[in-house]
Amino acid sequence: MSTDAKRLSKGLPKVGMLEKVKPHAELIAAGLSGVFIAAGWITDKTNDQVASIIFYLLAFMIGGFAKAKEGIEATYENKQLNVEMLMIFAAIGSAIIGYWTEGAILIFIFAVSGALETYTMNKSHKEISSLMKLQPEEALLINNGVERRVPVSELTVGDHILVKPGERIPSDGVIMKGHTNIDEAAITGESMPVSKGLEKEVFAGTVNLTGAITVQTTKTSNETLFHKIIELVQSAQSEKSPSQLFIERFEGTYVKTVLVVVLLMMFLPYFLLDWTWNESFYRAMILLVVASPCALVASIMPATLSAISNGAKRGILVKGGVHLENLSHLEAIAFDKTGTLTKGKPEVTEIIINENFVEADLLWKTASIENQSNHPLAQSIVKYVKANFERDLLQPEKLEDVSGWGLKAEISGEQWKIGKADFVGREAALTFADGKAADLASQGNTLVFVQVNDCLAAMIALKDVVRQETKLAIDHLKKQGIYTVMLTGDSEKTANAIAKESHVDQYFAECLPEEKVEHLRKLKEKYRTIAMVGDGINDAPALATANVGIAMGEGSDVALETADVVLMKNDLPRIAEAIDLSQRMNRIIKQNVIFSITVIMVLIASNFFQLLDLPFGVIGHEGSTILVILNSLRLLKN
């Protein structure tokens with residue numbers, strides 16, 4: 001009998017179900033705590049004191065278990081008290097002096113914040129597993145002419161492996177045999193397949209599209225470029241933000257100060273101010289309650305959630321308050337090119353036809369031939385012709401895919417060639433249409449030439465065009481005083497053309513993922529707080545390295561998981577809106593923090609001078625919490 005079957009026979013859920021529930025356990029516990037608080041309050045109103053206390057005890061135990069466990073373990077490991085322990089002491093203290101409701105609510109608020117923190121941490125690990133799925137687990141090893149499937153981890157430098165069309169390349173290496181087109185989007189982020197032949201370098205995780213190739217490995221599995229991408233993401237995510245480090249330092253000092261003052265207040269007033277023991281203990285418990293940072297915690301969380309909800313309504317998905325907070329401090333933003341500043345797919349930008357040919361007929365036959373290829377350029381030409389000419393495509397009589405060069409075909413006895421300049425004759429291609437090829441290429445276009453019976457008939461220019469909203473978005477960011485940079489794996493010529501068209505301040509071309517990370521680190525040294533906007537797998541390390549990673553909604557799963565902010569509608573101008581929202585949120589948080597600290601100081605001072613009784617202390621403490629929450633809810637409005 002299987003494990004799941006045994007569990008079901010005992011009335012237990014499947015292991016799989018438990019695994020699904022486990023990441024949400026703290027949130028469920030916090031919800032149950034809230035239910036028991038409500039039950040305790042209702043029974044208290046009906047004067048059923050025993051039932052009320054039982055419900056409150058359940059709320060304490062269920063809601064506070066995770067945080068109490070975390071606080072005790074952290075205290076033991078670090079030999080230092082923390083805010084979790086202070087919350088526990090404050091809740092117990094309020095119960096000791098008979099205020100069960102306040103203690104339970106304190107536990108509930110802290111439990112909810114802890115559950116959200118745990119849930120976010122669990123989500124942050126998903127992109128690593130998404131990356132790992134793209135790394136092939138096996139390779140076809142060739143040894144003395146014999147093919148054998150082996151785990152990628154067993155490959156050594158110098159091994160020969162066979163990679164068939166449609167397969168991912170298992171290891172970094174050089175091509176020893178064959179010629180093919182390779183989709184390197186996982187590494188460079190570029191949508192255009194790259195033609196590669198003998199002695200050309202290939203990378204693990206990229207896709208072999210057309211021809212079978214034999215690759216000699218140059219790196220072991222844990223040294224490949226793709227493996228480095230995974231390590232970069234892990235490394236960047238483990239780094240703590242300056243604000244987080246400050247909070248951790250502040251936490252220990254605050255807890256120690258409060259507990260020391262509470263202990264002193266238990267004894268010193270009895271000896272120095274002639275207070276009774278009951279009065280001293282009573283004032284110490286009030287201090288423990290009013291000094292608990294309940295309003296301080298509420299100053300940030302509701303404001304953050306309100307701002308995140310507001311952003312979500314506008315198509316701006318923010319994965320945490322710290323990321324939204326950082327947006328208001330941005331001094332520079334780096335953009336990936338393909339799929340971010342541009343549409344990510346090539347489009348026909350210009351067609352030049354030899355005057356001896358009829359345009360409609362020539363393009364119809366060209367599309368008929370290109371329709372037999374799955375190359376992105378070929379499919380873009382077919383899409384263009386279908387959109388402009390309502391005519392069914394032909395089936396070529398003969399067709400040959402010359403890997404890395406183009407297509408050969410025969411239609412109605414005519415011999416056709418469609419492909420690169422060298423495929424149809426470089427000299428003829430460069431002089432075609434008075435040398436227009438050089439001008440189009442300088443603008444970032446990729447050129448496809450059409451030859452019919454040894455006569456150059458047409459030149460088709462294609463380009464990954466800049467999004468319509470890109471210029472508006474970049475110009476708006478510049479008005480906000482933000483420096484803009486483009487990072488791309490594309491060539492210098494194409495990068496220069498796109499940079500000018502999109503209005504960015506600076507660009508870096510021919511960047512591998514690790515080079516993008518290096519450029520970002522240099523930008524961080526100069527501008528302190530920076531963002532990275534991208535959409536591809538290759539952008540994941542850069543997204544994780546930046547202070548704020550922003551992904552396009554139509555991007556890869558890895559980019560979406562790694563990023564801190566996601567633009568759900570691929571709408572770049574939303575970045576400026578997100579920055580405005582961040583600035584509003586930070587203003588409200590500052591208001592809340594100043595107000596809550598002021599209230600705590602006033603309550604502490606009033607308690608010390610015996611001007612504050614417990615009911616008024618509770619009203620001041622809980623009232624300030626409600627006020628900062630109401631102030632935070634203003635962020636729900638646009």
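Only this structure's heavy atoms are used, side chains among them; waters, hydrogens and symmetry mates stay out.
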Flag, side chain of [X] to backbone of [Y], donor-acceptor distance under 3.5 Å:
X    : Y    : answer
T529 : L327 : no
N445 : L440 : yes
D159 : T156 : yes
E370 : I381 : no
N326 : H329 : no
T214 : L162 : no
T210 : N181 : yes
R168 : G205 : yes

Where [X] and [Y] come nearest, the two heavy atoms and their spacing:
X    : Y    : answer
T340 : T470 : O-OG1, 4.4 Å
A139 : I161 : CB-CG2, 4.1 Å
A437 : M459 : CB-SD, 3.8 Å

Q | Check: S368/N371 side-chain N/O donor and acceptor closer than 3.5 Å | A | no

Between [atom1] on residue [X] and [atom2] on residue [Y], distance to nearest 0.5 Å:
X    : Y    : atom1 : atom2 : answer
D564 : N547 : CG    : CG    : 9.0 Å
E331 : K524 : CD    : NZ    : 12.5 Å
E410 : K398 : CD    : NZ    : 5.0 Å
T180 : I169 : OG1   : CD1   : 8.0 Å
L330 : I550 : CG    : CD1   : 6.5 Å
D571 : E469 : CG    : CD    : 5.5 Å

Is there a side-chain contact between [X] and [Y], using heavy atoms and a 4.5 Å cut-off?
X    : Y    : result
F335 : I474 : yes
V202 : K200 : no
L393 : K386 : yes
D172 : E201 : no
M552 : R467 : yes
L140 : K164 : yes
V504 : L341 : yes
Y483 : Q506 : yes

May I ask you to check whether over 12 heavy atoms, not counting those of [X], lie within 6.0 Å of atom [atom1]?
X    : atom1 : result
R149 : CZ    : yes
Q415 : CD    : yes
Y527 : OH    : yes

Does V533 form a side chain to side chain contact (heavy atoms under 4.5 Å, CB included) with L572? I'd like the steps, not just the answer.
CA-CA 9 Å; V533 187; L572 284 176; 4.3 Å; yes

The side chain to side chain contact (heavy atoms under 4.5 Å, CB included) partner of P170 among V150, L141, V152 is V152

Only one of T488, D336, D464 passes side chain to side chain donor-acceptor pair (under 3.5 Å) with T342, and that residue is D464

Side chain to side chain contact (heavy atoms under 4.5 Å, CB included) between D505 and V485, worked out = CA-CA 6 Å; D505 295 310; V485 181; 5.9 Å; no

**Asked** Charged N to carboxylate O under 4.0 angstrom, E501 versus K463?
**Response** yes

Quick one: do E525 and R521 make a salt bridge, cutoff under 4.0 Å?
no

Open item on the list: Between L487 and M532, does the side chain to side chain contact (heavy atoms under 4.5 Å, CB included) criterion hold? Intermediate values first, please.
Closed with: CA-CA 9 Å; L487 304 175; M532 171 69 193; 4.2 Å; yes

query = Step by step, would you call F449 with K417 a side chain to side chain contact (heavy atoms under 4.5 Å, CB included)?
reply = CA-CA 8 Å; F449 295 90; K417 280 186 177 182; over 6 Å; no

